[in-house]
There are 2 protein chains.
Amino acid sequence: MAVTDEAITKIKDMIISGELSAGDRLPPEKELSEKLGLSRSSLREAVKALEIIRVLDVRRGDGTYVTSLEPKLLTEAMTFIVDLHQDETILEIFEVRRMLEPAAAATAAARITPQEIVALRATMDNIDEQTSVESLVQHDLVFHQLITAAANNSYLTSVLDSLSSSTVRARIWRGLTQEKAVDRTLSEHTAIIEALERGDAELARSLVTVHISGVEHWLRQAL
Amino acid sequence: MAVTDEAITKIKDMIISGELSAGDRLPPEKELSEKLGLSRSSLREAVKALEIIRVLDVRRGDGTYVTSLEPKLLTEAMTFIVDLHQDETILEIFEVRRMLEPAAAATAAARITPQEIVALRATMDNIDEQTSVESLVQHDLVFHQLITAAANNSYLTSVLDSLSSSTVRARIWRGLTQEKAVDRTLSEHTAIIEALERGDAELARSLVTVHISGVEHWLRQAL
DNA sequence: TACAGTCTATTGGTCTGATGTTTGTTTCGC
DNA sequence: GCGAAACAAACATCAGACCAATAGACTGTA
């Protein structure tokens, strides 16, 4: 194995073993490179790789730290990857979303707080027939993120956020070509909010399924 | 933005824009570093970062290539990250699995082929009371991977595979402490296979839900 | 004393150039 | 035509130099 990959593995092991914990500062590059037995240049390649997947946080003039390692940080790394995997497999992404979002909504129905309900309703303000397509898409994105967040599961949030980001474009297409997108989106969202507020998990699940399937169905025809 | 991060963005953009496609070879390091306006060392850091998330494939003595970018490649990158996010949030991982695996099984029920059924049955050979815990865990892992694969969705496979890797440890614990693990696992797996064979999506969904929940329930008590 | 500004040691950021190692290709003898 | 040797191309690694940002110590002033 190349020295750089060895260094990546060693640093990873230091974290898994607990020798390094979240928030800990690594030794300076010079020192660490000597300890691991490789040059500073090669070590820097390893650090850069770990930085891009949000395992390390490098602060110039200060030092290099282990990140909080919260599942939330998975999002950025996953999004980066998913961004490169677009178009041809977008239907597969929708299929996964159709599995997760209804389940997330059902879970949220049991856990959602009154404050979160208020926040959900707030996303629907200032949305009407004059709303731009971009705004509508943004509203829809936030709406789904709020529901996911209400399910209170960091991994779920990470996975769904990263899968959703790449579908923004698809939603824009829909907005551009399908009439009454605003009306339909608002009424569907309203129904979902009411189901969540009543704690009706099964209805929330079905409504979200229908909502996602609507976009998916249109996409399937368009492609 | 640092020159290295700029280089990462530029290479990523070259892929998204289509200037570079899957399988394409990048210019030599020296040439590309001049084109992007940075030193070879810094460029190498960028390339290493993209290599670890399986976007680039560096072949010593040959050149650097864009990978196939298949969703499958997402797995390794995600697994790397999930591996570091263990223990404290393992229940959240199980919750996501409990959302996805039953849905995957229901989808598989409609798509599964006779060959895949045979493969599923084969995983149960050579498993009995004398089987080691490690073998049982391995068998269970393969069993679920086969079902996921039968759902025929690369993204689903990627996400589930990476989430499952980190739960292997939990399964081992279960095997070590819970009696009749072999019996129970075999009978549950048998039932799932029969439901899939009959194309009974709803039964498959429920059986998998029960199966996953069993482990999750035990884990919740143990923690 | 408290505060603001300055200075400095530390640490990461970048570059250059040399050398080693691997791989693919070409050449040449048989 | 085939295989081995030589060659060229490309990545792997290193050493050392200098730049730039930051945190923390220091200092002068109110």
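Because the structure is a prediction, the values reported are computed rather than measured.
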Check: Atom CD1 of A:Ile8 and atom C1' of D:dA12: how far apart are they, to the nearest Å?
Finding: 14 Å
Next item on the list: For A:Val3 and for A:Arg40, find the nucleotide of DNA chain D with the closest heavy atom, then tell me which residue's nucleotide is more 5'.
Entry: A:Val3
Next item on the list: Give the C-alpha distance, both sets of side-chain angles, the deciding distance and a yes or no for salt bridge (charged side-chain N to carboxylate O under 4.0 Å, His left out) between A:Glu19 and A:Lys35.
Entry: CA-CA 14 Å; A:Glu19 184 178 342; A:Lys35 179 181 171 187; 3.5 Å; yes
Note to self: If I take atom NZ in residue B:Lys30 and atom P in nucleotide D:dA12, what distance separates them, rounded to the nearest angstrom?
What the structure shows: 17 Å
Check: Does any donor atom in the side chain of B:Thr148 or B:Gln145 lie under 3.5 Å from an acceptor atom in the other side chain?
Finding: no
Next item on the list: Give the rounded distance in Å between these two atoms: CG of B:Leu32 and P of D:dA10.
Entry: 12 Å
Next item on the list: Would you tell me if any nitrogen or oxygen in the side chain of B:Ser42 comes within less than 4.0 Å of OP1 or OP2 on C:dC15?
Entry: yes
Note to self: Just N and O in the side chain of B:Arg44: are any of them under 4.0 Å from OP1 or OP2 of D:dA12?
What the structure shows: yes
Next item on the list: Could you state the atom-to-atom distance from CD of B:Glu31 to C1' of D:dA9 in whole Å?
Entry: 12 Å
Item checked: Any B:Ser41 side-chain nitrogen or oxygen under 4.0 Å from OP1 or OP2 of C:dG13 -> no
What does the list of N/O pairs under 3.5 Å between the protein and nucleotides 20-24 of chain C look like, with a distance for each?
residue, atom, partner, partner atom, Å
C:dT21, O4', B:Arg60, NH2, 2.8

Next item on the list: Starting from P on C:dT11, measure out to CD on A:Glu34 and report it in whole angstrom.
Entry: 12 Å
Item checked: A:Asp125, CG atom: more than 12 neighbouring heavy atoms under 6.0 Å -> yes
Next item on the list: Send over the distance from A:Glu45 CD to C:dG13 P, rounded to a whole Å.
Entry: 14 Å
Margin query: Expressed as a whole number of angstroms, how long is the span from B:Asp5:CG to C:dG12:C1'?
Written below: 13 Å
Notebook entry, point to check: Should B:Thr64 be listed as having a side-chain N or O under 4.0 Å from OP1 or OP2 of D:dA10?
Noted result: no
Notebook entry, point to check: Just how far, in rounded Å, is C1' of C:dG13 from CG of A:Leu43?
Noted result: 13 Å
Item checked: B:Thr4 vs B:Leu43 side-chain heavy atoms within contact, under 4.5 Å -> no
Next item on the list: Choose from C:dT11, C:dG12, D:dA10 the nucleotide whose nearest atom is closest to any side-chain atom of A:Glu29.
Entry: C:dG12
Donor-acceptor pairs are to be reported for all side-chain atoms of residues 20-27 of chain B against protein atoms at under 3.5 Å, with residues two or more places apart or in another chain.
residue, atom, partner, partner atom, Å
B:Asp24, OD2, B:Ser21, N, 2.8
B:Arg25, NH2, B:Asp62, O, 3.1

Next item on the list: Decide, yes or no, whether a salt bridge links A:Glu45 with A:Lys48 under the criterion of side-chain N to carboxylate O below 4.0 Å.
Entry: no
Checklist line | Side chain A:Ser42, main chain A:Leu38, donor-acceptor under 3.5 Å | finding: no
